[in-house]
Student: 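Just dropping this structure here.
All figures in this text were calculated on a predicted structure; none of them were measured in a lab.
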Amino acid sequence: MPPTSVLACATCMADKGSLVGQAQGFAILFMLGILAFMFICAAAFIVTFIRRQNSASATAGADLI
């Protein structure tokens with residue numbers, strides 16, 4: 001016999017106006033901010049290495065001429 005109604009706990013489905021729901025929303029935004037920061041750091045790291053490689057290539061090429 002299937003259940004007639006399924007209820008989620010307050011952790012999964014908090015009320016929109018409750019403090020738990022607001023805290024969950026802010027926690028998600030905080031984690032997305034941390035994730036964006038990590039992606040920006042990784043991109044900056046890669047761009048730094050590309051610039052250093054291009055600079056080293058240009059310097060090595062100028063020395064050969």
Student: State whether the side chain of Ser55 and the backbone N or O of Arg51 hold a donor-acceptor pair below 3.5 Å, judged by distance alone.
Tutor: no
Student: Which distance, rounded to the nearest 0.5 Å, do you find between the CG of Leu35 and the CD1 of Ile40?
Tutor: 10.0 Å
Student: For the residue pair Phe26 and Phe30, is the inter-centroid distance of their aromatic rings smaller than 6.0 Å?
Tutor: no
